Undergrad: 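The structure that follows is given in the form of structure tokens.
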Amino acid sequence: MRIAEMLPADRADGSLWPLMRQAGVTDAVGTLPGDPRPQPGHEAPWDYLPMVRTKDLYERNGFDLGVIEWRPPFNLAKRGLPGRDEEIENVCTLLRNMGRLGIPVWCYEWMTDRNWVRTSTAIPARGGSTVTGFDRAVFEAGPPPPLGTISEERLWENLEYFLARVLPVAEEAGVRLAMHPDDPPISPLGGIGRIMSSVDGFRRLIEISDSPMNGITFCQGNFRLMTDDLPGTIRDLGDSGKIFFVHFRDVEGNLDSFVETWHDAGPTDMRACIDAYRGIGFDGLMRSDHVPTLHGEVGAQAGYGVLGRLYAVGYIRGLLEGTA
């Protein structure tokens, strides 16, 4: 296991990158800069030369780019609407170029219309820090989905269509697809079905294709809301080598109401999780996620402040060295 950090490509000139280098982090989870909906005739972020420049940016700053956690627009593919084949081809271009550049893992998700959802980004936590949280009743009181509802089975059909086209490309490129859970893992949410919201859903994902490129981003905060036995679930889903990437975090509460926690203050036995990853032979990248915002971080993006990530890196390193 190696500690990585999410280092957005458009923040290389801030304090995050040098502080992570000083903390001993050399593995990056990266993004692709540029217009995600380029005009015809203009370069897209997933085209070869823009990706060459992006990888060079990370390497010049002392980081090995091991995961792309950024996606071309592909909501039409998720919904099965006209234009999905063009979106899927963009994903295939991304995967081919990742393969050419030796970037081995793509973290993606199947959350239709919206990504991760919180109803508060400033809940008081330890020592005056703040964390994010979710209240289902508050969220469900909001407006209906602009594109209408969609069923779980329709989402499964669209996912199978997507994987049938991208997994052969991923195999040829040598790039592993790591599915991230729905966040929060609730279905339906605001009238929209979600299918990566249960351990059984991830078992079904793995059963769709036996491709060695078909696997999981094990985001602990989401799986913590799906199961009371997180280490056991790591072993269950990871025994066959299907955990490709880890988001190391914790939450307190339940599906209807939860808050993020400091990495050392949640209900999960984090050391037992590390033991479980070691037990399945996981040797990929692990990054902190959804950290608290600390004193002095005015204007920091909720969940992605710099100081909370430095704390998390030290905590994870302590666990790794203490259980070696």
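For this chain, numbers begin at 1 and follow the sequence in order. Values in this document were obtained by computation on a predicted structure and should not be read as measured data.
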Undergrad: Decide side chain to side chain contact (heavy atoms under 4.5 Å, CB included) for Glu109 and Met196; before the verdict, give the C-alpha distance in whole Å, the side-chain angles of both, and the deciding distance to 0.1 Å.
TA: CA-CA 8 Å; Glu109 40 71 30; Met196 292 292 104; over 6 Å; no
Undergrad: Compute whether any side-chain donor of one residue and acceptor of the other, for Asp250 and Thr268, lie under 3.5 angstrom apart.
TA: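 Side-chain D/A pair, Asp250 to Thr268: present.
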Undergrad: For the pair Arg194 (side chain) and Pro184 (backbone), establish whether a donor and an acceptor sit closer than 3.5 Å, ignoring hydrogens and angles.
TA: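 Answer holds: yes.
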Undergrad: Measure from the side-chain N and O atoms of Arg100 to the backbone N and O of Ala173, and report whether any donor-acceptor pair falls under 3.5 Å.
TA: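 It does not hold such a pair.
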Undergrad: Does the gap between the ring centers of Phe74 and Phe162 come in under 6.0 Å?
TA: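 Judged by ring-centre distance (under 6.0 Å), Phe74 and Phe162 do meet the cut-off.
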Undergrad: Any non-hydrogen side-chain atom of Asn158 less than 4.5 Å from a side-chain atom of Arg84?
TA: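 Side chain of Asn158 against side chain of Arg84, heavy atoms only: contact under 4.5 Å found.
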Undergrad: More than 12 heavy atoms of other residues, nucleotides or ligands under 6.0 Å from CD of Glu43: is that the case?
TA: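 Yes.
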Undergrad: Taking only residues two or more places apart in sequence or in another chain, which ones pass ring pair (Phe, Tyr, Trp, His ring centres under 6.0 Å) with Trp70?
TA: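 Partners of Trp70 under the ring pair (Phe, Tyr, Trp, His ring centres under 6.0 Å) test: none.
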Undergrad: Do the charged groups of Arg204 and Glu153 touch, with an N to O distance under 4.0 Å?
TA: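 Yes.
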Undergrad: Who are the ring pair (Phe, Tyr, Trp, His ring centres under 6.0 Å) partners of His263, not counting sequence neighbours?
TA: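 Residues passing ring pair (Phe, Tyr, Trp, His ring centres under 6.0 Å) with His263: none at all.
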Undergrad: Tell me whether the rings of Tyr58 and Trp17 are parallel (<30°), tilted (30 to 60°) or perpendicular (>60°).
TA: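 Aromatic pair Tyr58/Trp17 classed parallel.
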Undergrad: How about Asp182 and Asn222: does a side-chain donor come under 3.5 Å of a side-chain acceptor?
TA: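 Absent: no donor and acceptor within the cut-off.
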Undergrad: Are Ile243 and Leu177 connected, step by step, through hydrophobic side chains (Ile, Leu, Val, Met, Phe, Trp, Tyr) whose heavy atoms are closer than 4.5 Å?
TA: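 The answer is yes; both residues are in one hydrophobic cluster.
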Undergrad: Just by distance, do the side chain of Asn214 and the backbone of Leu205 share a donor-acceptor pair under 3.5 Å?
TA: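 Yes; judged by distance alone, with no hydrogens or angles, the pair exists.
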Undergrad: Using a strict 4.0 Å threshold on nitrogen-to-oxygen distance, state whether Glu87 and Lys78 make a salt bridge.
TA: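 No.
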Undergrad: Do the charged groups of Asp183 and Arg249 touch, with an N to O distance under 4.0 Å?
TA: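 Looking at Asp183 and Arg249, the cut-off is met.
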Undergrad: Taking only Lys NZ, Arg NE, NH1 and NH2, and the carboxylate oxygens of Asp or Glu, determine whether Arg224 and Glu252 approach each other closer than 4.0 Å.
TA: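 Result for this pair is no, no salt bridge flagged.
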Undergrad: In Å, rounded to the nearest 0.5 Å, how long is the span from CZ of Arg2 to CG of Asp283?
TA: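 Answer for the CZ-CG pair, Arg2 versus Asp283, is 7.5 Å.
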Undergrad: Are His295 and Leu307 close enough that some pair of their side-chain heavy atoms sits under 4.5 Å apart?
TA: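 In short, these two side chains do not touch, never coming nearer than 4.5 Å.
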Undergrad: Please name all residues satisfying side-chain hydrogen bond (donor to acceptor under 3.5 Å, both in side chains) with Thr31, sequence neighbours left out, ordered by chain then number.
TA: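 Per chain and number, Thr31 pairs via side-chain hydrogen bond (donor to acceptor under 3.5 Å, both in side chains) with no residue.
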Undergrad: Atom OG in Ser151, atom CD1 in Ile192: separation rounded to 0.5 Å?
TA: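 CD1 of Ile192 is found 12.0 Å from OG of Ser151.
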Undergrad: Side chain of Thr119, backbone of Asp135: donor and acceptor closer than 3.5 Å?
TA: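 Pair found, side chain donor or acceptor close to backbone of Asp135.
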Undergrad: Charged N to carboxylate O under 4.0 angstrom, Lys55 versus Glu59?
TA: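 Yes, charged N to carboxylate O under 4.0 Å.
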Undergrad: Check whether the side chains of Thr121 and Thr132 place a donor and an acceptor atom closer than 3.5 Å, and report yes or no.
TA: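 Per modelled atom types, Thr121 and Thr132 side chains form no pair under 3.5 Å.
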Undergrad: Quick one: side-chain hydrogen bond (donor to acceptor under 3.5 Å, both in side chains) partners of Asn61, sequence neighbours excluded?
TA: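 With sequence neighbours excluded, Asn61 shows a side-chain hydrogen bond (donor to acceptor under 3.5 Å, both in side chains) to no residue whatsoever.
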Undergrad: Look only at the side chain of Thr149 and the backbone of Gly191, and say whether a donor-acceptor pair between them is shorter than 3.5 Å.
TA: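 No, because the side chain of Thr149 does not come within donor-acceptor range (under 3.5 Å) of the backbone of Gly191.
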Undergrad: Set out, in order, the CA-CA distance, both residues' side-chain angles and the distance that settles side chain to side chain contact (heavy atoms under 4.5 Å, CB included) for His290 and Tyr304, then state yes or no.
TA: CA-CA 6 Å; His290 298 186; Tyr304 290 93; 3.5 Å; yes
Undergrad: Determine, step by step, whether Asp35 and His42 satisfy the side chain to side chain contact (heavy atoms under 4.5 Å, CB included) criterion, reporting the C-alpha distance in whole Å, the side-chain angles of both residues, the deciding distance to 0.1 Å, and the verdict.
TA: CA-CA 9 Å; Asp35 187 352; His42 290 72; over 6 Å; no
Undergrad: Nearest 0.5 angstrom please: Glu160 CD to Arg165 CZ, how far?
TA: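 Rounded to the nearest 0.5 Å, the CD-CZ separation comes to 11.5 Å.
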Undergrad: Check the surroundings of atom CG in Asp200: do more than 12 heavy atoms from other residues, nucleotides or ligands lie under 6.0 Å from it?
TA: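 Atom CG in Asp200 is packed in, count exceeds 12.
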Undergrad: Please tell me whether Phe282 and Tyr277 form a close aromatic pair, meaning their ring centres lie under 6.0 Å apart.
TA: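 Yes, close enough.
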Undergrad: Can you list the residues that meet the ring pair (Phe, Tyr, Trp, His ring centres under 6.0 Å) rule with Trp262, with sequence neighbours excluded?
TA: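 Here the qualifying residues are Tyr311.
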Undergrad: Would you check if there is a donor-acceptor pair between the side chains of Tyr161 and Asp85 at a distance under 3.5 Å?
TA: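 Checked: Asp85/Tyr161 side chains pair up, N/O donor to acceptor below 3.5 Å.
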Undergrad: Do the charged groups of Glu260 and Arg118 touch, with an N to O distance under 4.0 Å?
TA: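 Salt bridge between Glu260 and Arg118, a charged N being under 4.0 Å from a carboxylate O: yes.
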Undergrad: How many angstroms lie between CE in Met51 and CD1 in Ile68, if you round to the nearest 0.5 Å?
TA: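 Reported value, rounded in 0.5 Å steps: 5.0 Å.
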Undergrad: Is any side-chain heavy atom of Pro181 closer than 4.5 Å to one of Met226?
TA: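 Result yes, sub-4.5 Å side-chain heavy-atom pair found.
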Undergrad: For residues His180 and Trp116, establish whether the separation of their ring centroids is below 6.0 Å.
TA: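 Between Trp116 and His180, which both carry aromatic rings, the centre distance is not below 6.0 Å.
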Undergrad: Could you tell me whether Glu89 and Arg96 have a side-chain N and a carboxylate O separated by less than 4.0 Å?
TA: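 Yes, charged N to carboxylate O under 4.0 Å.
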Undergrad: Is any NZ, NE, NH1 or NH2 atom of the basic residue among Arg154 and Glu157 found under 4.0 Å from an Asp or Glu carboxylate oxygen of the other?
TA: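 Salt bridge present between Arg154 and Glu157.
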Undergrad: Quick one: do Val291 and Met286 end up in the same hydrophobic cluster if we chain Ile, Leu, Val, Met, Phe, Trp and Tyr together by side-chain heavy atoms under 4.5 Å apart?
TA: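 They do not share one cluster, since no chain of ILVMFWY contacts under 4.5 Å joins Val291 to Met286.
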Undergrad: Under a 4.0 Å threshold between the charged nitrogen and the carboxylate oxygen, would Arg287 count as salt-bridged to Asp27?
TA: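 Looking at Asp27 and Arg287, the cut-off is not met.
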Undergrad: Do any N or O atoms from the side chain of Ser198 and from the backbone of Gly201 form a donor-acceptor pair under 3.5 angstrom?
TA: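 Present.
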Undergrad: Quick one: pull up CG in Leu225 and CZ in Phe258 and give me the separation to the nearest 0.5 Å.
TA: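 CZ of Phe258 is found 5.5 Å from CG of Leu225.
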Undergrad: Enter the distance from Ser15:OG to Leu310:CG here, rounded to the nearest 0.5 Å.
TA: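 These two atoms lie 8.5 Å from each other.
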Undergrad: If only atom types and distance count, is the side chain of Gln220 paired as donor or acceptor with the main-chain N or O of Val246 below 3.5 Å?
TA: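 No, because the side chain of Gln220 does not come within donor-acceptor range (under 3.5 Å) of the backbone of Val246.
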Undergrad: Are Val175 and Leu65 grouped together when hydrophobic residues (ILVMFWY) are joined by side-chain heavy atoms under 4.5 angstrom apart?
TA: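 Linked, Val175 and Leu65 end up in one cluster.
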Undergrad: Of all residues at least two apart in sequence or in a different chain, which pass the ring pair (Phe, Tyr, Trp, His ring centres under 6.0 Å) check with Trp106?
TA: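 Ring pair (Phe, Tyr, Trp, His ring centres under 6.0 Å) check on Trp106 returns Tyr108.
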Undergrad: According to a hydrophobic-cluster definition based on side-chain heavy atoms being under 4.5 Å apart (Ile, Leu, Val, Met, Phe, Trp, Tyr only), do Val131 and Phe139 belong together?
TA: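 No; Phe139 is not reachable from Val131 via cluster members.
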Undergrad: Should we count CG of Asp210 as having more than 12 external heavy atoms under 6.0 Å?
TA: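 No, CG of Asp210 has 12 or fewer neighbouring heavy atoms, counting only those of other groups under 6.0 Å.
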Undergrad: Step through it carefully: locate the ring centre of Phe223, locate the ring centre of Phe218, and say whether they are under 6.0 Å apart.
TA: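 Aromatic pair counts; centres sit under 6.0 Å.
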Undergrad: Would you sort out whether Leu7 and Met20 count as a side chain to side chain contact (heavy atoms under 4.5 Å, CB included), showing the intermediate values?
TA: CA-CA 9 Å; Leu7 303 177; Met20 285 301 158; 4.1 Å; yes
Undergrad: What is the minimum heavy-atom distance between Glu140 and Pro188, and which atoms define it?
TA: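 What the structure gives for the nearest pair is OE2-O, 4.0 Å.
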Undergrad: Do the side chains of Asp13 and Arg11 get close enough for a salt bridge, i.e. N-O under 4.0 angstrom?
TA: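 No, this pair does not count.
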Undergrad: Under a 3.5 Å distance rule, please check whether Asp289 uses its side chain to pair with a backbone N or O of Phe248 as donor and acceptor.
TA: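 Absent.
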Undergrad: Answer yes when Asp56 and Arg60 have at least one side-chain N-carboxylate O distance shorter than 4.0 Å, and no when they do not.
TA: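 Salt bridge flag = yes for Arg60 with Asp56.
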Undergrad: Does Ser209 use its side chain to pair, donor to acceptor, with the backbone of Ser211 at less than 3.5 Å?
TA: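 Yes: the side chain of Ser209 pairs with the backbone of Ser211.
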Undergrad: Do Phe244 and Ile216 touch side chain to side chain, with heavy atoms closer than 4.5 Å?
TA: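 No, too far: nothing below the 4.5 Å cut-off.
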